[in-house]
Each structure stands twice: as structure tokens, then as C-alpha cells.
Amino acid sequence: NAADVLEADRIVLKQSDFPEGRTAIPDSGGDQKEEDRAGEEFEACLGSLVDDDNRPKAESPEFEKNQFSRVGSSVEFAPTVEDAKKELAVLQGPKVNECLQAQFDKELRTLGSDVEFGPIKVEPTPFPALGDGTVAARLSTTVAAADGNAIPLYNDFVFVLKGRAE
């Protein structure tokens, strides 16, 4: 519904949410079908999520502080509050770390076969309780640099539920 789309757009991160020094990265026109496929694979791994491809949703641009620090957000509305609570329970369940790790591994492999990564770790990360429920995890690995050094790489995943908004 149009009101949910407007509300999702209002909720996602905006430039005004950040202190000076973080700027929006123009959309590169990336492959939306690939992003959708990745989302579907993550949901299939978790199982038990409410299937609805036509949810009202919005995505923010990514905001960059430097080449090593980016943040972005997306918001979508579940069909009902009960559906949203079921999805939160799935994300708080035992399979989420395994599914996040598999998804992160697939995303890293798209960077090329000549890029070497260390083992991927998924750990809960401290995050304030927000809305009706919060799930937060940190995915970490290392990337082998040309000079032989291992560069740490982190990806934080945060899910917040408020009513039907997730």
C-alpha cells in the first residue's frame, strides 16, 4: 500500500542522519535481480519466513565515511504484526548464523577467484534493544593483501522490528 511505501521511505537512513564526513554513494545501477536472488537464498536457508514478494519497501543509498566504512538500510512491511513477529523469531533462531555465513561467503566469492579470504566467523554483536525486537551479528574474515598481510573485513547485520516494519 502507498502509505507503507511512504513510511518505509521516511524510516530508511538519510544524509541528515549522519554527522559531517559521511556521504551518499551514487547508485551504481547494480544488478537488482542478483540482490533479489541473494535475499531469496537467505530466506530459503532460514525457512519459515512469510513469503510475500510484493511487500512495501524502501532502501537507502549507502553512506561512506571512507573506502573502508559504509552503512545502508532497508525497510519493508510484513503483511501483519504476527507475520513480523514470526520472522523475528526465525532470525533469533539457531539457523541464522549458518545462513548469514553462507550468504557472506557467496558474496565474497563474487569478488573474484584470485582474492583469498580467511575463515568466516559470525558472532552476536552488542546492539541496543530497539522497537519490538532486535537481532545483531558481526560477520568477520580476513582478506589476503598483495604484500602478504591479512586485512580484517567486517560486516554488521542488524534487524529491528517495530510493528509491521522490519
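The residues of the chain are indexed from 1 along the displayed sequence.
In this structure, Thr110 contributes its side chain and Glu107 its backbone to a donor-acceptor pair below 3.5 Å. Of the possible donor and acceptor atoms, one in the side chain of Thr141 sits under 3.5 Å from a partner among the backbone N and O of Pro119.
A salt bridge links Arg55 with Glu166: at least one charged nitrogen is closer than 4.0 Å to a carboxylate oxygen.
The nearest pair of heavy atoms linking Ser74 to Glu59 is CB-CG, 3.7 Å. Minimum interatomic distance between Val75 and Ala165 (heavy atoms only, all atoms of both residues): CG1-CB, 4.4 Å. Nearest approach of Gly163 to Ala84, heavy atoms of both residues: O-CB, 3.6 Å.
Hydrophobic cluster membership differs between Val12 and Val158, with clusters built from Ile, Leu, Val, Met, Phe, Trp and Tyr side chains linked at under 4.5 angstrom. In this structure, Leu139 is a member of the same hydrophobic cluster as Phe159, with clusters built from ILVMFWY side-chain heavy atoms closer than 4.5 Å. Linking Ile, Leu, Val, Met, Phe, Trp and Tyr whenever their side-chain heavy atoms come within less than 4.5 Å leaves Ile11 and Val5 in two separate clusters.
Going from atom CG of Asp156 over to atom OG1 of Thr125 covers 5.5 Å, rounded to the nearest 0.5 Å. Here the CZ atom belonging to Phe157 is positioned 14.5 Å from the CZ atom belonging to Arg138, to the nearest 0.5 angstrom. The line from SG of Cys45 to CD of Gln103 is 8.5 Å long, rounded to the nearest 0.5 Å. A distance of 5.5 Å separates CD1 of Ile120 from CD of Gln101, quoted to the nearest 0.5 Å.
The closest side-chain heavy-atom distance from Ile25 to Arg70 is below 4.5 Å. Gln15 has its side chain out of reach of Asp17: every pair of non-hydrogen atoms, C-beta onward, lies at least 4.5 Å apart. Side chains of Phe77 and Glu7 form a contact here, defined as non-hydrogen atoms less than 4.5 Å apart. Taking the side chain as every heavy atom from C-beta outward, Val135 and Leu88 approach each other to under 4.5 Å.
Scored by the side-chain contact (heavy atoms from CB on, under 4.5 Å) test, Leu130 finds Phe127, Thr134, Val160 as partners (sequence neighbours excluded). A search for side-chain contact (heavy atoms from CB on, under 4.5 Å) contacts involving Val96 returns Phe42, Leu46, Leu91, Leu100, not counting sequence neighbours. Remark: Thr80 pairs with Glu82, Asp83 by the side-chain contact (heavy atoms from CB on, under 4.5 Å) rule, at least two apart or across chains. Taking Phe18 as the reference, Leu13, Arg22, Phe63, Val71 meet the side-chain contact (heavy atoms from CB on, under 4.5 Å) condition, with sequence neighbours excluded.
More than 12 heavy atoms of other residues, nucleotides or ligands sit less than 6.0 Å from atom NZ of Lys14. Heavy atoms of other residues, nucleotides or ligands lying less than 6.0 angstrom from NZ of Lys95 number more than 12.
Pairs passing the ring-ring contact (aromatic ring centres under 6.0 Å, His included) check and including a residue from residues 90-109, sequence neighbours excluded, do not occur. Residue pairs meeting the salt bridge (Lys or Arg N to Asp or Glu O under 4.0 Å) criterion with at least one partner in residues 123-136, sequence neighbours excluded, do not occur; the list is empty.
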